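Below you'll find the structure, written out as structure tokens, and then a few comments.
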2 protein chains.
Amino acid sequence: MRPLFHPTTDQITVEGILHALSDPVRAAIFAEIAGASCPMTCSAFLTIKDRDIPKSTLSQHFKALRDAGLIHSERSGVEMRNTSRCADVDKRFPGLLPAVLAAHARQRVMPKRR
Amino acid sequence: MRPLFHPTTDQITVEGILHALSDPVRAAIFAEIAGASCPMTCSAFLTIKDRDIPKSTLSQHFKALRDAGLIHSERSGVEMRNTSRCADVDKRFPGLLPAVLAAHARQRVMPKRR
DNA sequence: TCAATAGTTCGTATATCCGGGACTATGGGA
DNA sequence: TCCCATAGTCCCGGATATACGAACTATTGA
């Protein structure tokens with residue numbers, strides 16, 4: 001099992017952030033982690049947005065968030081403690097995250113007309 | 001040739017916007033269109049960011065921006081007039097576009113360390 | 001009518017994404 | 001110490017998306 005990769009603050013890219021957050025499941029996961037007051041495990045998201053996510057898929061989503069620099073993950077015993085890297089991202093791209101999170105929140109309130 | 005599709009303002013989604021702008025070429029195209037004072041043609045971007053884009057690829061990029069609701073395109077004679085839909089997007093997701101464009105601009109100034 | 005220009009569409013090669021199943025790592029009993 | 005359960009990761013096949021060359025369409029001008 002290879003060690004977890006985390007980009008440094010100045011290796012974070014806008015493309016990476018936007019790509020990671022352009023997936024609704026990842027965006028939901030990140031929003032929860034960012035809003036939580038303590039680290040969250042991966043398996044806390046096996047069901048999210050009223051649907052089940054296979055754990056292999058979930059693992060890939062976490063890797064995507066990690067690679068983008070959005071979260072920090074560290075093993076703690078048998079599980080993983082995931083925390084957001086909002087501060088790092090905000091240092092590199094001030095205001096980006098709040099705007100994206102606000103947009104996602106707004107969409108949840110006002111879904112697109114069908 | 002099928003007619004051009006443009007989503008209505010409330011059909012615009014965050015995922016769509018973020019996905020469209022997570023590609024550096026599309027982000028650059030959109031930034032220029034958004035900053036221009038008059039409509040721009042597609043072929044104005046056959047070279048961008050010091051590289052040549054095949055026109056079939058370029059056409060797909062424009063379609064992606066259009067489908068996301070980021071630009072409006074209309075035929076004018078033999079060419080296409082592309083304008084940004086910043087106002088529409090901003091009505092649906094206030095503050096999102098300025099934040100993303102600012103982040104892209106910042107990255108241009110402070111590229112990631114290599 | 002013909003040629004030139006601007007974009008689109010199609011076909012194919014390539015890359016990325018999804019998810020099932022096997023695997024690894026850690027911790028808690030008996 | 002030896003299992004077993006739990007939390008995640010890795011691998012691989014199928015599905016989906018993306019890139020780009022080549023052929024096509026539409027419009028204008030000569």
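Please read all numbers here as calculations on a predicted model, not as lab measurements. Proteins come first, then strands; the chains are lettered A, B, ... in the order of their sequence lines, and each starts at number 1.
Using a 4.0 Å cut-off between a side-chain N of Lys or Arg and a carboxylate O of Asp or Glu, A:K63 and A:D67 qualify as a salt bridge.
Remark: B:R81 CZ is loosely packed, at most 12 non-hydrogen atoms of other residues, nucleotides or ligands lying under 6.0 Å away.
Checking C:dC18, D:dG8, C:dC10 against every side-chain atom of A:K55, the shortest atom distance belongs to D:dG8. Considering only side-chain atoms of B:T41, the nucleotide from C:dG20, C:dG7, C:dC10 that sits closest is C:dG7.
A:R66 is listed as a side-chain neighbour of A:H6, based on a closest heavy-atom distance under 4.5 Å.
For B:R81 and C:dA6, the CZ to C1' distance is 15 Å, given to the nearest whole Å. Between the P atom of D:dA17 and the CZ atom of B:R26 lies a distance of 13 Å, rounded to the nearest Å. At whole-Å resolution of the value, CD in B:E79 and C1' in C:dA4 are 14 Å apart. A:N82 has its CG atom 11 Å from the C1' atom of D:dA7, to the nearest Å. Protein atom CE of A:M80 is 13 Å distant from nucleotide atom P of C:dA25, rounded to whole Å. Going from atom CG of A:D52 over to atom P of C:dG20 covers 10 Å, rounded to whole Å. Put simply, CG on B:D67 is 13 Å from P on D:dA17, counting in whole angstrom units. Taking atom CD1 of B:I53 as the reference point, atom C1' of C:dG7 lies 16 Å away to the nearest angstrom.
Aromatic ring orientation, A:F62 versus A:F45: tilted (interplanar angle from 30° to 60°).
In terms of polar N and O atoms assigned as donor or acceptor, the side chain of B:S56 comes within less than 3.5 Å of the base of D:dG21 in a complementary pairing.
For A:V78 and A:L4, each mapped to the nucleotide of DNA chain D holding its nearest heavy atom, the one lying further toward the 5' end belongs to A:V78.
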